[in-house]
2 protein chains.
Amino acid sequence: MTIRMLTELEGVCLGLVRRHEPCTAYRVRQELKAAPSSHWQASAGSVYPLLTRLEAKKLVAKTSDAADGRGRTLLRITRRGQAALTQWLLMGKEPEVISSMTDPIRSRMFFLNVLSAAQQTAYLDELISEMEYYLSRTKDHLGTLTADDDLCAFLGSQGAVKIAEARLEWLREVAAKFRTQSGNIEKR
Amino acid sequence: MTIRMLTELEGVCLGLVRRHEPCTAYRVRQELKAAPSSHWQASAGSVYPLLTRLEAKKLVAKTSDAADGRGRTLLRITRRGQAALTQWLLMGKEPEVISSMTDPIRSRMFFLNVLSAAQQTAYLDELISEMEYYLSRTKDHLGTLTADDDLCAFLGSQGAVKIAEARLEWLREVAAKFRTQSGNIEKR
DNA sequence: CGATGCATGTAAGCTGTTACATGATTGC
DNA sequence: GCAATCATGTAACAGCTTACATGCATCG
């Protein structure tokens, strides 16, 4: 019996349930929102149905404590859930997973020549300044973690910093190149 | 009159039409598939409707050459399309765009402690080897480009290499840490 | 003349988003 | 008492994927 592969958001949410169990769906949303670099909005409309889906597949167990005044539902990962999470994690070594990274800045860089030379340098300067701010926030977030407490969260967050640094360094080189080349003038 | 903001895939496709115009929708798909690091499958079911959508918004112009035996349709970007592409590009400096990067490896790293110590090191070793291969392919792709021909494509591809190098370096550090710590044993 | 590649599309389904809607609890 | 936060959901919609379907062109 093969477990249907989890989506990225499902994998992350299941992992968060595991890390913070027992926890509410609300907590999972908060954790997603707190992450300084995340593609997901973690809207109620995605997280609640998603966790219901995971429950239907018996990957998480919901327990509604009757004693709890508000209708709070606590989540826990099941043994099947652990297996599914492991399978999702191991899928990470597949080439199509490794290469499926998205970087909206890099995507845009390919089409920078749609801008005038003046616009190009102005845009790159603003971008670098925003990236610097993003990097500082990412470092701040890393500062709240320790290697002793949760090594995985610490190293994951460290990766975010390292990648942000690489992006920033690259942007600086791009800006330098565009300044010396005085823009990449269209040939048409 | 504000132009409705383009999605990521729309922006990339519009930019590709511009770079290769006049070109077919098929060509746009090929270009997307050829990119060594792309989140998009560029399936027919997404690209064709997408370009029809862009045509309806007058961002691209379709010209069906009657002389052409096969029912080939050539695409060109319109002036409105250039404006929309510019707007999409400039949106890149918004914090939510900068931080919306996704990295499936980094996502998984947060939950590595679901694996046993032996599984952890085995997985990281395989991952590093796959990342090395991915990096070499990315470098090969960069090698096919020159700074003189299309500076943007060259620098964009250079960014892919730099980020891949940062990811790989980070993965090596993670592997080293996990080996010395002999895994991150669960406390429960 | 058959395989591969060029070329265009559609239908069903899943996932995620925005916006809306409700109510309990906690802190000031 | 009132605001902010905790907490859970639904409905409409947009976007992308898989799988299916078709036909022409080119090369061996």
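Side chains included, hydrogens not; waters and symmetry mates left out as well; all remaining heavy atoms used. From a predicted model like this one, the values you see are computed outputs, not experimental measurements.
- At a threshold of 4.0 angstrom between heavy atoms, the contacts of B:Thr52 with the nucleic acid are absent.
- Rounded to whole angstrom, the span from the CG atom of A:Leu50 across to the C1' atom of D:dT8 amounts to 15 Å.
- In this structure, A:Arg72 atom CZ and D:dT5 atom P are separated by 17 Å, rounded to whole Å.
- The two residues B:Leu155 and A:Phe178 come nearest to each other via the heavy atoms CD1-CE1, 3.4 Å.
- B:Gln41 places its CD atom 12 Å from the P atom of D:dC16, with the value rounded to the nearest Å.
- If you measure from atom CG of B:Leu74 to atom P of C:dC6, you get 15 Å, rounded to the nearest angstrom.
- Across all strands, A:Ser46 comes closer than 4.0 Å to base atoms (heavy-atom distances).
- Comparing D:dT17, D:dT10, D:dG9 against the side chain of A:Pro49 picks out D:dT10 as the nearest.
- For the pair B:Thr7 and D:dC16, the criterion of a side-chain N or O lying under 4.0 Å from OP1 or OP2 is met.
- Classification of A:Arg19 and A:Glu31 as a salt-bridged pair fails, no side-chain N sitting under 4.0 Å from a carboxylate O.
- The OG1 atom of A:Thr121 sits 10.5 Å away from the CD atom of A:Glu126 when rounded to the nearest 0.5 Å.
- The NZ atom of A:Lys33 sits 12 Å away from the P atom of C:dT17 (whole-angstrom rounding).
- One finds a salt bridge joining B:Glu8 and A:Arg108 here, because a Lys/Arg side-chain nitrogen approaches an Asp/Glu carboxylate oxygen to under 4.0 Å.
- Of the two residues near DNA chain D, B:Ala44 and B:Arg53, the one whose nearest nucleotide lies more 5' is B:Arg53.
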Step by step, work out the side-chain hydrogen bond (donor to acceptor under 3.5 Å, both in side chains) result for A:Arg106 and B:Ser37.
-> CA-CA 10 Å; A:Arg106 225 171 56 70; B:Ser37 56; 2.7 Å; yes
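- Between A:Leu32 atom CG and D:dA7 atom P there is a gap of 15 Å when expressed in whole angstrom units.
- Distances shorter than 4.0 Å separate some side-chain N or O of B:Tyr26 from OP1 or OP2 on C:dC6.
- Residue B:Gln30 is the one, among B:Gln30 and B:Lys62, whose nearest nucleotide of DNA chain C lies closer to the 5' end (criterion: closest heavy atom).
- Nucleic acid contact for A:Arg29: base, since at least one base atom lies under 4.0 Å from a heavy atom of the residue.
- The CG atom of A:Leu51 sits 14 Å away from the C1' atom of C:dT15 (whole-angstrom rounding).
- Summarising the geometry, the separation between OH on A:Tyr48 and C1' on C:dT18 is reported as 16 Å, rounded to the nearest angstrom.
- The nucleotide whose nearest atom lies closest to any side-chain atom of B:Leu9 is, among C:dG16, C:dA7, D:dC16, D:dC16.
- Counting any heavy atom pair closer than 4.0 Å across all strands shown, B:Ser43 reaches a base atom.
- Candidate nucleotides D:dT18, D:dT8, D:dC16 were compared by shortest atom distance to the side chain of B:Trp40, and D:dC16 ranks first.
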